[in-house]
Amino acid sequence: MTNKEISTIFYEMADILEIKEVKWKPQAYRKAARAIEVIPENLSDIYKKGGLKTLEEIPGIGEGIGKKIVEYIETGKIKKHQELLKSLPKGFQKLMEVQGLGPKKVKILLKKKNIKNIGDLEKALKQHKLIGLKGFAEKTEENLEKGIQLFKSGKKRFDYSEVRPIAESIAKQLKKFKEVRKIIVAGSFRRKEITVGDLDVLMTAKNPIKVMDYFTKMPNVKRVLAKGKTRSAVILDSNLQVDVRVVEDKCFGAALQYFTGNKMHNISLRKIAIKKGFKLNEYGVFDKKTNQFLAGKTEEDVYNALGLKYIPPEERTNSGEIEKAMKK
DNA sequence: GCCGTTTTCGGCCCGACTGTTTTCAGTCG
């Protein structure tokens with residue numbers, strides 16, 4: 001029994017619940033799944049040592065999910081999970097993994113066109129059967145076709161050692177462009193995770209629009225997913241996704257903090273900010289009432305404004321580092 | 001379903017981009 005098995009089940013349950021438009025539970029299951037993923041200890045060992053109560057000490061795991069973990073440890077399955085799986089056609093929630101499809105669109109596909117899996121979707125796309133559905137037009141068709149291709153080529157995570165040369169080469173290419181001032185690759189790469197899902201590149205630049213033009217036209221770009229004034233995303237020939245953001249100098253620290261994550265770490269920080277009467281986003285720490293800018297130029301500024309010591313990127317996983325950084 | 005140094009009820013992070021629509025819902029990170 002591995003933690004990975006259980007987190008996969010909870011992710012799956014979250015997807016199905018989302019399609020069923022159940023409120024809040026999807027977030028809860030996802031939060032639990034993410035928490036389980038980053039725990040180094042095996043859940044069944046934790047359970048054997050301390051029982052259900054110890055499982056419930058893990059942030060994001062309460063009575064309901066705790067009991068389901070116990071059920072899996074003892075029986076090898078979770079009844080609620082199997083019920084949810086049965087309530088939808090087999091392979092249906094896989095559709096959510098196609099880029100551009102979320103719970104709403106996937107539901108429309110099933111209801112209006114009886115599309116139950118990726119194969120059905122491919123067929124319908126070839127025959128242009130989706131045009132006319134609410135939210136589906138020509139461009140959507142095009143994007144879904146690309147999304148399926150991408151899905152088939154396998155959206156795997158890359159080993160850190162594998163992406164490192166790619167990340168360095170991208171940073172080098174962008175640095176050569178004179179508009180770019182500061183550049184750093186954030187995300188799971190900066191946290192030096194064992195595997196990296198995509199690259200988050202953060203920059204400050206004189207003319208963001210020009211930088212976006214330059215970035216989306218780099219020679220190893222296979223596909224442009226999005227291109228805006230401050231954010232863009234592409235897929236490289238290697239199938240690695242790269243997101244870039246351009247921010248102002250005074251926000252660089254806040255943005256760097258925000259895009260270095262991880263997600264749970266950031267949510268915890270934002271909650272601390274709220275408690276102090278602040279608001280934290282990628283642009284800085286602000287006074288909630290007056291909206292006055294309080295910090296954001298450097299990461300140290302951001303952590304200090306929240307009453308925390310600086311936390312190195314590798315430790316930002318929401319596994320006790322925040323408590324440790326709280327100043328007495 | 002989880003959680004609490006204002007809460008055991010009633011909130012639940014937040015902003016950018018796209019495509020479709022005629023002002024916004026859905027998706028993503």
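Proteins get letters first, then strands, A, B, ... in listed order; numbering begins at 1 in each. The shown structure was predicted, so the numbers you read here are calculated from the model rather than taken from an experiment.
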* Check: Arg191(A) side chain, Thr260(A) main-chain N or O, donor-acceptor pair, under 3.5 Å -> yes
* Asked: Would Trp24(A) pass as stacked on dC12(B), i.e. its ring centre under 5.5 Å from the base's six-membered ring centre and planes under 30° apart?
  -> yes
* Asked: Can you check whether Asn281(A) has a side-chain N or O nearer than 4.0 Å to OP1 or OP2 of dG15(B)?
  -> yes
* Asked: Who is the Watson-Crick or G-U wobble partner of dT8(B), with both distances under 3.5 Å?
  -> none
* Asked: For atom P, what is the distance between dC28(B) and dT22(B), given to the nearest Å?
  -> 22 Å
* Which whole-number value in Å describes the distance from Ile267(A) CD1 to dG29(B) P? -> 15 Å
* Asked: In terms of the nearest nucleotide of DNA chain B, which residue is placed more toward the 5' end: Ala137(A) or Ser232(A)?
  -> Ser232(A)
* Structure fact -> Of the candidates dG29(B), dG1(B), dT27(B), the side chain of Ile65(A) sits closest to dG1(B)
* Structure fact -> Atom NZ of Lys139(A) and atom C1' of dC17(B) are separated, to the nearest Å, by 13 Å
* **C1'-based separation of dC12(B) from dT18(B) [nearest Å]** => 26 Å
* Could you state the NZ-P distance from Lys105(A) to dT18(B), rounded to the nearest angstrom? -> 14 Å
* Determine the Euclidean distance between corresponding C1' atoms of dT6(B) and dG11(B); express it in Å to zero decimal places. => 13 Å
* Would you call Tyr29(A) and Lys68(A) a side-chain contact if the rule is heavy atoms closer than 4.5 Å? -> yes
* **Phosphate contact (dG1(B) OP1 or OP2) by Lys68(A) side-chain N/O below 4.0 Å** => yes
* Starting at CG of Leu202(A) and ending at P of dG29(B), how long is that distance when rounded to a whole Å? -> 17 Å
* For dA25(B) and dT21(B), measure between their P atoms and round to the nearest Å. => 13 Å
* To do: For dA16(B), take OP1 and OP2 only and decide whether either is under 4.0 Å from a side-chain N or O of Tyr258(A).
  => no
* Nearest-nucleotide pick for Lys275(A), side chain only, options being dG29(B), dT5(B), dG15(B) -> dT5(B)
* Asked: Are Asp15(A) and Arg30(A) within salt-bridge range, i.e. N to O under 4.0 Å?
  -> yes
* To do: Using the P atoms only, state how far dT20(B) lies from dT27(B), rounded to an integer number of Å.
  => 13 Å
* To do: Classify the nucleic acid contact of Glu138(A) as base, sugar-phosphate or nothing, counting any heavy atom under 4.0 Å across all strands shown.
  => sugar-phosphate
* **Check ion pair Glu282(A)-Arg245(A) (N to O, under 4.0 angstrom)** => no
* To do: Indicate, with a heavy-atom threshold strictly under 4.0 Å, whether Ile61(A) touches base, sugar-phosphate, or nothing.
  => sugar-phosphate
* Please report the shortest heavy-atom distance between Ala273(A) and Leu280(A), naming the atom on each side. => CB-CB, 3.9 Å
* Atom P, compared across dT8(B) and dG4(B): separation rounded to whole Å -> 13 Å
* To do: Inspect the contact between Arg190(A) and Glu299(A) and indicate whether a charged nitrogen and a carboxylate oxygen are less than 4.0 angstrom apart.
  => yes
* To do: Report the nucleotide, chosen from dG1(B), dA16(B), dG26(B), that has the shortest atom-to-atom distance to any side-chain atom of Arg231(A).
  => dA16(B)
* Remember a base hit wins even if backbone is also touched, and classify Lys25(A) as base, sugar-phosphate or nothing at under 4.0 Å, heavy atoms. => base
* Structure fact -> Rounded to whole Å, CG of Leu55(A) lies from C1' of dC3(B) at a distance of 17 Å
* Test item: side-chain donor near acceptor, Asn3(A) and Glu41(A), under 3.5 Å -> no
* Structure fact -> Here the distance between atom P of dC3(B) and atom CD of Glu56(A), to the nearest Å, is 9 Å
* Looking for any heavy atom pair under 4.0 Å, which part of the strands does Pro59(A) touch: base, sugar-phosphate only, or nothing? -> sugar-phosphate
* Asked: Contact class for Gly261(A) (heavy atom, under 4.0 Å): base, sugar-phosphate, or nothing?
  -> nothing
* Tell me which nucleotide among dA16(B), dT27(B), dG15(B) gets nearest to the side chain of Thr230(A). => dA16(B)
* Identify which nucleotide among dA16(B), dC14(B), dT27(B) has an atom closest to any side-chain atom of Pro103(A), counting heavy atoms from C-beta outward. => dT27(B)
* Asked: Is any NZ, NE, NH1 or NH2 atom of the basic residue among Glu71(A) and Lys67(A) found under 4.0 Å from an Asp or Glu carboxylate oxygen of the other?
  -> no
* **Rounded interatomic separation in angstrom, taking CG from Leu133(A) and P from dT20(B)** => 12 Å
* Asked: Does Asn143(A) place a side-chain N or O at less than 4.0 Å from the phosphate oxygens OP1/OP2 of dT18(B)?
  -> no
* Asked: Between dC2(B), dT20(B), dT5(B), which one does the side chain of Thr140(A) approach most closely?
  -> dT20(B)
* Asked: Base, sugar-phosphate alone, or nothing: which one does Tyr29(A) contact when heavy atoms must sit under 4.0 Å apart?
  -> sugar-phosphate
* Give a yes/no answer on whether the side chain of Gln241(A) brings an N or O atom under 4.0 Å of OP1 or OP2 in dG29(B). => yes
* Would you mind telling me which of dC14(B), dG1(B), dA16(B) lies closest to the side-chain atoms of Ala28(A)? => dG1(B)
* To do: Starting at atom CD of Gln27(A), determine the distance to atom C1' of dC3(B), rounded to an integer number of angstrom.
  => 14 Å
